[in-house]
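Report on one structure; see the data block that follows.
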2 protein chains.
Amino acid sequence: MAQTSDTSARILDAAEALFARLGFAATTIKAIGTEAGVNPALLYYYFADKQQLYQAVLDRRVGDFARRAANLPAEIAPLEGIRRLVKAQVAFMQSSPHVPRLLARELADHEAANARPVIRELSTGAFRRLCELILAGQDDGTIRPDLDPAFTAISIISQTAWFFIAQPVVSGVMGYDGGLPAEEAAQFAEHAVRFAHSAVTVRPDRKREQP
Amino acid sequence: MAQTSDTSARILDAAEALFARLGFAATTIKAIGTEAGVNPALLYYYFADKQQLYQAVLDRRVGDFARRAANLPAEIAPLEGIRRLVKAQVAFMQSSPHVPRLLARELADHEAANARPVIRELSTGAFRRLCELILAGQDDGTIRPDLDPAFTAISIISQTAWFFIAQPVVSGVMGYDGGLPAEEAAQFAEHAVRFAHSAVTVRPDRKREQP
DNA sequence: GTCTATAGCGGGATAGAC
DNA sequence: GTCTATCCCGCTATAGAC
């Protein structure tokens with residue numbers, strides 16, 4: 001029985017886990033084969049070489065996110081749009097347990113030969129949309145006009161991004177020594193949305209902040 | 001003339017640059033020697049092996065930051081304390097152009113043999129202090145009581161952390177295609193402090209946010 | 001589609017001359 | 001302290017049988 005797609009999926013799964021855990025250079029073809037339960041030489045039947053296997057791993061994960069982020073309704077209240085983008089971001093980070101690490105490595109390796117334009121896709125997808133939402137909110141008076149839209153977009157995105165990518169720090173600091181429970185992530189997402197809304201909305205405030 | 005310290009410093013500089021750019025596994029002893037302008041075999045005179053060289057690289061950078069973060073005055077207004085911690089964080093990220101990448105790799109590699117407890121030092125240093133500040137602010141009424149202190153600390157730290165670590169994304173998205181100018185980082189730090197203050201301060205606000 | 005065997009290269013680390 | 005020479009290992013990738 002020809003198990004082409006099944007075998008290649010097993011290879012991709014094993015490769016994803018190992019690339020995430022060890023990085024591109026430290027992951028060996030043999031290790032991937034062993035982890036996948038197939039003969040290492042077989043990898044070269046399905047993928048041209050190690051780099052293309054790596055890129056296939058990334059494409060499988062990042063592809064659907066680009067789709068998902070574009071799915072925001074064109075006309076939507078800015079604050080609600082921000083909430084949805086944060087939720088989509090969380091969903092992406094949780095779409096595989098290895099996504100945050102793969103992303104961290106991609107950030108570090110962005111100029112390496114094996115790197116992907118993941119970066120472009122993620123930014124053009126979500127970031128641009130977020131900037132538009134902020135501008136729209138400043139126009140209709142729901143968002144403070146003194147905020148720089150690009151900086152604000154970074155501030156909003158950073159919360160969830162950092163929460164996942166810095167998970168070894170975060171879980172250590174919060175007292176979970178063996179990785180964070182999934183519900184904690186959902187609660188943080190709630191917090192992140194509220195934190196962002198609170199920072200961003202206009203307010204009739206009399207107090208001055210120190211210069 | 002015995003140039004012990006000079007030579008070892010040159011080795012550390014070269015190693016730092018290469019470990020940041022290529023990662024631990026992809027960086028070769030020969031490449032470090034060449035980059036440093038010394039004979040590759042000489043590295044083994046100064047450092048026991050590749051891993052200890054890597055750890056020496058990290059220790060050199062992280063050491064002084066742990067000191068710096070602890071330097072906050074014990075009695076300080078919470079909002080001002082937050083400002084200072086953010087500034088210290090920026091200073092650390094800029095203490096060498098390679099720090100953000102090294103940190104990104106350390107986050108991804110945290111369970112590898114070459115990894116350092118950098119993570120513990122950074123969190124116990126800055127994060128705990130930040131949580132204390134938030135709690136103090138909630139006690140004296142300057143900080144919203146409904147915020148979770150740990151989550152809020154993460155939100156504050158994340159802004160600057162992400163800004164630097166995700167620099168390939170950030171500079172691309174902001175239109176700088178060849179790396180970010182240094183002044184932009186200072187402006188972002190200003191923004192991050194204001195964003196955090198705005199999110200965190202109590203306010204006499206009548207509007208409800210959507211549930 | 002899957003396996004065995006191996007070519008060919010480049011890495012970390014050491015011995016020992018100077 | 002610095003350099004040359006080299007050992008030994010494990011990796012990527014391929015050839016070719018089944």
Side-chain angles (χ1 to χ4, degrees), chain A residues 1-60 102 105 108-109 111-116, chain B residues 1-60 102 105-106 108-109 112-116:
Chain A
M1 169 180 4
Q3 295 200 315
T4 298
S5 69
D6 189 63
T7 302
S8 103
R10 293 231 309 267
I11 292 171
L12 283 169
D13 287 341
E16 176 176 314
L18 287 168
F19 284 142
R21 203 177 318 134
L22 309 174
F24 179 80
T27 297
T28 69
I29 296 290
K30 291 183 207 217
I32 296 172
T34 306
E35 172 96 357
V38 306
N39 189 296
L42 193 54
L43 302 211
Y44 291 96
Y45 177 80
Y46 289 96
F47 303 94
D49 57 17
K50 195 182 164 185
Q51 291 197 12
Q52 296 211 19
L53 170 55
Y54 177 76
Q55 299 186 357
V57 165
L58 283 189
D59 287 343
R60 189 174 61 150
L102 289 172
R105 296 194 185 279
D109 279 336
E111 68 193 4
N114 52 278
R116 288 263 71 191
Chain B
M1 174 186 352
Q3 295 199 315
T4 299
S5 69
D6 189 64
T7 302
S8 102
R10 293 231 308 268
I11 293 171
L12 283 169
D13 287 342
E16 177 177 312
L18 287 169
F19 284 142
R21 202 175 320 132
L22 309 175
F24 179 80
T27 297
T28 69
I29 296 290
K30 293 180 206 223
I32 296 172
T34 306
E35 173 96 356
V38 306
N39 189 296
L42 193 54
L43 302 211
Y44 290 96
Y45 177 78
Y46 290 97
F47 303 94
D49 58 17
K50 195 182 166 187
Q51 291 198 13
Q52 297 212 19
L53 171 55
Y54 177 75
Q55 300 187 356
V57 165
L58 283 189
D59 288 341
R60 190 173 62 149
L102 289 171
R105 295 195 185 278
E106 201 65 9
D109 279 335
N114 51 280
R116 287 264 67 194

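Naming convention: chains lettered A, B, ... in sequence-line order (proteins, then strands); numbering from 1 in each chain.
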**Request:** Look at the rings of Tyr54(A) and Phe24(A) and say which category their plane angle falls in: under 30° parallel, 30 to 60° tilted, over 60° perpendicular.
**Result:** perpendicular

Whole-Å distance between [N] [atom2] and [X] [atom1]?
| X | N | atom1 | atom2 | answer |
| --- | --- | --- | --- | --- |
| Leu43(A) | dG1(C) | CG | P | 15 Å |
| Leu22(A) | dC11(D) | CG | C1' | 14 Å |
| Tyr45(A) | dT2(C) | OH | P | 8 Å |
| Leu42(B) | dC3(D) | CG | C1' | 9 Å |
| Asn39(A) | dT12(D) | CG | P | 14 Å |

**Item:** Side chain Lys50(A), main chain Thr27(A), donor-acceptor under 3.5 Å
**Value:** yes

**Message:** If we ignore hydrogens and angles and just use 3.5 Å, is the side chain of Asp6(B) paired with the main-chain N or O of Ala9(B) as donor and acceptor?
**Reply:** no

**Asked** For Thr7(B) and dT2(D), is the shortest distance between a side-chain N/O and OP1 or OP2 below 4.0 Å?
**Response** yes

**Complete:** From the list Arg60(A), Arg105(A), Arg10(A), salt bridge (Lys or Arg N to Asp or Glu O under 4.0 Å) with Glu16(A) holds only for Arg60(A)

**Request:** Take nucleotides 11-18 of chain C nucleotide by nucleotide from the 5' end and write B, S or -, depending on whether a protein heavy atom sits under 4.0 Å from the base, only from the sugar-phosphate, or from neither.
**Result:** SSBB----

**Request:** With side chain to side chain contact (heavy atoms under 4.5 Å, CB included) as the test, would you mind laying out the steps for Leu18(B) and Thr28(B) before giving the verdict?
**Result:** CA-CA 9 Å; Leu18(B) 287 169; Thr28(B) 69; over 6 Å; no

**Complete:** With sequence neighbours left out, the residues meeting side-chain hydrogen bond (donor to acceptor under 3.5 Å, both in side chains) with Asp59(A) are Arg116(A)

